[in-house]
2 protein chains.
Amino acid sequence: MAAPVRQASEKTRRAIVEAGLRGFGSKGYAATSTREIAALAETNVASIAYHFGGKEGLRTACAEHVVATLGAVLAADAPEEEATDPALARARLTGLAERMVHFLLLRPEAHAIAGFMIREMAQPSPALDAIYDGLIARLHPRLCRLWAAATGREAESAGVKLAVFGMIGQIVYFHLGRPVVTRRMGWSGIAAPEARAIAAMIAATLRARLDADRGDADRGDPA
Amino acid sequence: MAAPVRQASEKTRRAIVEAGLRGFGSKGYAATSTREIAALAETNVASIAYHFGGKEGLRTACAEHVVATLGAVLAADAPEEEATDPALARARLTGLAERMVHFLLLRPEAHAIAGFMIREMAQPSPALDAIYDGLIARLHPRLCRLWAAATGREAESAGVKLAVFGMIGQIVYFHLGRPVVTRRMGWSGIAAPEARAIAAMIAATLRARLDADRGDADRGDPA
DNA sequence: AGTTTTCAATCAAACGATTGATTACATAAC
DNA sequence: GTTATGTAATCAATCGTTTGATTGAAAACT
């Protein structure tokens, strides 16, 4: 909580957080020992208790790190002004989706981040609050507003909110289900070409859904 | 492997598997102790080693149980003859999706099953092989054939396979992201009405996507 | 039929290993 | 010299597993 701005111990902090995130994200919280984290961070086990108060403190620190990192990634290409033109909103939405796919599937650091978030959702802890407040609570309404602008539906309606979750769910699944997807597709892994194919499929689904919503919005049949 | 057909120890086996599945599915493999499982199954810790060779053996036994249970659920409403009529295939597909949503979100035993599968994907183990071979390898191609019949595209094309995964991903996500979804939606949980809303949204997405695919299939633009 | 043997099944108890946390002490920075 | 930071050693607790004893019922034997 209290940031030790004093010294260059920041390097150790970062190393521990990154090591913890990598462990928690790939193997899970319980399955990752503090000694393993310390070894990966090239420091002593006691440093974890010193810097974060304990393993649980490191967990929330990792959550904050995830929020900061992912927030920066998503804010980088976020023009402050909201898109009101349907075509523009639609382009923004598809672009954001595509960017999320590529980040989630190609960036090496994304594996730990996504794994961490997924595991936090599966077994909620105080760390999930930080992720929700710092990330979901900001990103999801923004996507809903874009969806609304692209279709004419109301941004905070249940249908739009669920549709946005559905879009996110598709993206997340291709990270989560990677071993299953690659096996079924006959891929040896997910590199740039595979990520492009997945992004194209998600974009196509998104376009189809937006088109359908635009038609339904007039007839008052928002599913 | 060798089934002890002799005695009524089958009851103990089942109790241990169900207890293990519940623990592994909700808290994760590493976070669930053998003592905890034994207590939940109302038996002794040694029974786990006796019946399954160890904790890891119980893991694969749980995977086999998941395959058997889920296989039965999905096979129950699977008319052997494949649907060739587009409208019928479409109805089958949406019906299957709806059934999956309701099973995953409402059935109490589904929580452990889904949690187990998700965690296995996140950290593949030999248990994942059993799940893939016994479940995915059967279900996914069937969905692809339905998709193909509904749209005119080729069942084993990359686009169709990915689209089916996308549909599954949406469904799975609403189970996985339950704490996040409920919070954002202002729900206190996911009961029948909420599951219906989610199922409606997924059905709408599916319909929109199938429509778009049917149009694209002629023009040879399968994304 | 009565007796003995065999064996799957379960149990309490204990094993060594590992866990997260804590301590006491050394080192570096200011 | 005071504080901040890092380390080695150690703590109690818990982990998965193993052990030896016990049970009850089927199998084998007389």
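We use all heavy atoms of the structure for the numbers below, so side chains are in, but hydrogens, waters and symmetry mates are not. So you know, we letter chains A, B, ... as the sequences are listed, proteins then strands, and number each from 1.
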Partner residues of A:F174 under the ring pair (Phe, Tyr, Trp, His ring centres under 6.0 Å) criterion, sequence neighbours left out: none
Under 3.5 Å, sequence neighbours excluded: what are the donor-acceptor pairs made by side chains of residues 20-27 of chain B?
residue : atom : partner : partner atom : Å
B:S26   : OG   : B:R22   : O            : 2.8
B:K27   : NZ   : B:E36   : OE1          : 3.1
B:K27   : NZ   : B:E36   : OE2          : 2.9

Contact under 4.0 Å: A:H51 side-chain N or O vs D:dG6 OP1/OP2: yes
Any residue meeting side-chain hydrogen bond (donor to acceptor under 3.5 Å, both in side chains) with A:E56, in chain and number order, not counting sequence neighbours: A:Y29, A:R59
Axis deviation across the helix from C:dA1-D:dT30 to C:dC30-D:dG1, five-pair ends, to the nearest 10°: 20°
Residues that A:H65 engages under ring pair (Phe, Tyr, Trp, His ring centres under 6.0 Å), provided they are two or more places apart: none
For A:R183, all residues meeting salt bridge (Lys or Arg N to Asp or Glu O under 4.0 Å), sequence neighbours excluded: B:D129
Separation of D:dG6 P from A:E10 CD (nearest whole Å): 11 Å
Below 3.5 Å is the cut-off: list the nitrogen or oxygen pairs between protein and nucleotides 18-20 of chain C, distance only.
residue : atom : partner : partner atom : Å
C:dG20  : OP1  : A:T32   : O            : 3.3
C:dG20  : OP1  : A:K55   : NZ           : 2.6
C:dG20  : OP2  : A:T34   : N            : 2.7
C:dG20  : OP2  : A:T34   : OG1          : 2.9
C:dG20  : N7   : A:R35   : NH1          : 2.8
C:dG20  : O6   : A:R35   : NH2          : 2.8

Donor-acceptor pairs are to be reported for all side-chain atoms of residues 187-200 of chain B against protein atoms at under 3.5 Å, with residues two or more places apart or in another chain.
residue : atom : partner : partner atom : Å
B:E194  : OE1  : B:A191  : N            : 2.9

Non-hydrogen side-chain atoms of B:V172 and B:M100 separated by less than 4.5 Å: no
Whole angstrom value for the distance that separates P of D:dT5 from CZ of A:F52: 12 Å
Results of side-chain hydrogen bond (donor to acceptor under 3.5 Å, both in side chains) for A:S47 - residues two or more places apart only: A:T43
Spacing of B:E42 atom CD relative to C:dA12 atom P, expressed in whole Å: 13 Å
Value in whole Å for how far the P atom of D:dT7 lies from CD1 of A:I16: 9 Å
Closest nucleotide among D:dG6, D:dA8, C:dC11 to the B:N44 side chain: C:dC11
Any side-chain donor near an acceptor of the partner, A:R13 and A:H51, under 3.5 Å: no
Distance below 4.0 Å between A:T43 side-chain N/O and D:dT7 OP1 or OP2: yes
Selection from D:dG6, D:dA8, C:dT10 that lies nearest to any side-chain heavy atom of B:S47: C:dT10
Atom-to-atom span, CD1 of A:I48 to P of C:dT22 - whole angstrom: 13 Å
Short side-chain N/O contact to D:dG6 OP1/OP2 from A:T12, under 4.0 Å: yes
